[in-house]
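Down below is the structure, laid out as structure tokens.
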Amino acid sequence: MARPAGSTSSSSHPEPGEGARRLPPPRKSLGQHFLTDRNIIRKIADAAELTPADTVVEIGAGPGDLTSELAARARRVFAVEVDAQLCARLRERFASVPNVVVVHADALKLDMNSLTGGKPYVVVGNLPYNVGTAIVRHLLESTAPPGRMVVMLQREVALSMLAPKAQTGLLAISVQVYATGRRLFDIPPGAFYPPPKVVSSLLRLDRRPQPLVPPGEREAFFRVVRAGFSSPRKQVRNALANGLQVPAARVEAALRAAGIDPAARPSTITIEQWLRLMRELDARSA
């Protein structure tokens with residue numbers, strides 16, 4: 001995650017130094033790409049806008065250089081790392097740093113409420129490409145979501161999460177129900193060791209005080225949305241009829257009652273419209 005120890009380059013295209021070569025070989029199965037640009041590490045910590053009272057959960061602590069930067073700014077840092085070898089190195093590195101707690105765990109299985117003692121927290125991290133979106137959704141949908149998240153993801157994924165109206169997809173709706181977001185800046189492949197084949201983006205997500213869909217309706221809401229996007233190029237009337245296995249006439253009546261053109265594409269429908277549609281479909285299911 002952070003700059004490998006021993007690297008001194010501050011360029012946006014650093015070469016791996018002695019510190020990088022002392023690390024265990026990056027594991028492709030875990031999507032490991034260690035950030036080696038010291039300036040970007042500082043920019044990420046700046047973007048988190050931490051105070052001395054904050055608790056931080058860092059997802060994917062890696063070699064620990066971002067961990068160190070976060071620890072200098074926050075009250076406590078839980079450095080979460082799934083790689084056992086890196087965890088051992090982190091524990092050695094931060095043995096004398098009292099506000100860093102190294103946690104060997106899979107972020108997708110971690111109970112944040114237990115980890116943080118139910119206190120507010122901020123998430124910062126370089127998320128693996130292969131599970132990044134799953135981690136974001138897991139955190140936002142948990143019973144103890146973070147107040148904000150500052151995370152690195154593949155740029156295309158970040159853009160999909162923040163898709164504007166008329167360009168939304170299932171991922172954007174899943175995230176935007178719970179949070180507002182903005183893309184802060186891009187990070188080139190050369191800033192990592194080894195360089196990934198894609199450009200990364202730093203994304204900030206701020207939890208909404210109240211999600212856009214009430215708790216008791218979320219299961220039904222996402223069932224309807226998933227059905228709508230099961231055939232995203234079809235007219236929403238046909239996609240829903242197929243995805244929900246209900247008569248097209250019932251779907252069309254619900255769409256018209258919700259103020260949605262039955263011939264519209266799913267990507268043009270807003271969260272508010274999906275919610276109205278879910279309620280209209282529910283009213284017609286009895």
Side-chain angles (χ1 to χ4, degrees), residues 1-48 56-73 77-95 97 100 102-108 123-136 149-158 183-204:
M1 171 67 193
R3 180 184 60 86
S7 174
T8 59
S9 172
S10 60
S11 129
S12 61
H13 297 280
E15 294 296 327
E18 290 301 321
R21 286 193 285 271
R22 285 198 300 269
L23 289 171
R27 295 171 61 183
K28 183 178 289 188
S29 63
L30 297 179
Q32 289 178 340
H33 297 276
F34 303 127
L35 184 62
T36 61
D37 189 301
R38 187 175 286 186
N39 288 333
I40 291 177
I41 289 169
R42 284 193 290 264
K43 286 179 67 176
I44 293 169
D46 289 343
V56 179
V57 177
E58 182 190 2
I59 305 295
D65 283 342
L66 179 57
T67 312
S68 182
E69 190 73 32
L70 298 172
R73 303 170 186 231
V77 177
F78 291 100
V80 179
E81 176 54 58
V82 71
D83 188 319
Q85 292 184 69
L86 285 174
C87 271
R89 291 169 181 265
L90 287 165
R91 290 193 174 105
E92 181 179 355
R93 175 171 181 174
F94 293 104
V97 183
V100 173
V102 178
V103 181
H104 180 211
D106 180 345
L108 284 170
V123 164
V124 181
N126 177 15
L127 305 184
Y129 292 146
N130 55 345
V131 292
T133 56
I135 290 174
V136 169
M149 302 173 63
V150 177
V151 293
M152 272 183 286
L153 292 160
Q154 185 175 343
R155 181 170 62 184
E156 287 73 15
V157 172
R183 187 164 132 257
L184 301 178
F185 56 84
D186 291 339
I187 304 169
F192 297 88
Y193 171 72
K197 296 180 180 180
V198 297
V199 174
S200 301
S201 290
L202 189 71
L203 184 68
R204 172 166 171 158

**Asked** Can you list every salt bridge (Lys or Arg N to Asp or Glu O under 4.0 Å) pair that touches residues 187-204, not counting sequence neighbours?
**Response**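 For residues 187-204: E49-R204, R204-D206.
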
**Asked** By side chain to side chain donor-acceptor pair (under 3.5 Å), which residues pair with R155, not counting sequence neighbours?
**Response**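 For R155, the residues satisfying side chain to side chain donor-acceptor pair (under 3.5 Å) (neighbours in sequence not counted) are D186.
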
Indicate the atoms forming the closest heavy-atom contact of [X] with [Y], along with that distance.
X: L35; Y: A191; answer: CD1-O, 3.4 Å
X: A79; Y: V100; answer: CB-CG1, 4.5 Å
X: L90; Y: A61; answer: CD1-CB, 3.7 Å

**Backbone N/O of G62 and side chain of E81: donor-acceptor pair under 3.5 Å** =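 Looks like yes, one N/O pair under 3.5 Å.
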
**Asked** H104 side chain to D83 main-chain N or O, any donor-acceptor pair under 3.5 Å?
**Response**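 Such a contact is absent between H104 side chain and D83 backbone.
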
Do [X] and [Y] make a side-chain contact, defined as non-hydrogen atoms from C-beta onward lying under 4.5 Å apart?
X: V198; Y: P189; value: no
X: L70; Y: V124; value: yes
X: V157; Y: Y129; value: no
X: V77; Y: F94; value: no
X: R93; Y: S68; value: yes

**Prompt:** Taking only residues two or more places apart in sequence, or in another chain, which ones meet R73 in a side chain to side chain contact (heavy atoms under 4.5 Å, CB included)?
**Reply:**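 Partners of R73 by the side chain to side chain contact (heavy atoms under 4.5 Å, CB included) criterion, ordered by chain and then number, come out as A45, D46, L50, E69.
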
**Prompt:** Partners of A47 by side chain to side chain contact (heavy atoms under 4.5 Å, CB included), sequence neighbours excluded?
**Reply:**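 V150, L184, L202.
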
Roughly how far apart are [X] [atom1] and [Y] [atom2], rounded to 0.5 Å?
X: M149; Y: I59; atom1: CE; atom2: CD1; value: 7.5 Å
X: S201; Y: I187; atom1: OG; atom2: CD1; value: 7.5 Å
X: R42; Y: D37; atom1: CZ; atom2: CG; value: 8.5 Å
X: L66; Y: I41; atom1: CG; atom2: CD1; value: 6.5 Å

**Request:** Report, as yes or no, whether the 6.0 Å neighbourhood of atom CD on E92 holds more than 12 heavy atoms from other residues, nucleotides or ligands.
**Result:**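 Count not over threshold, so no.
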
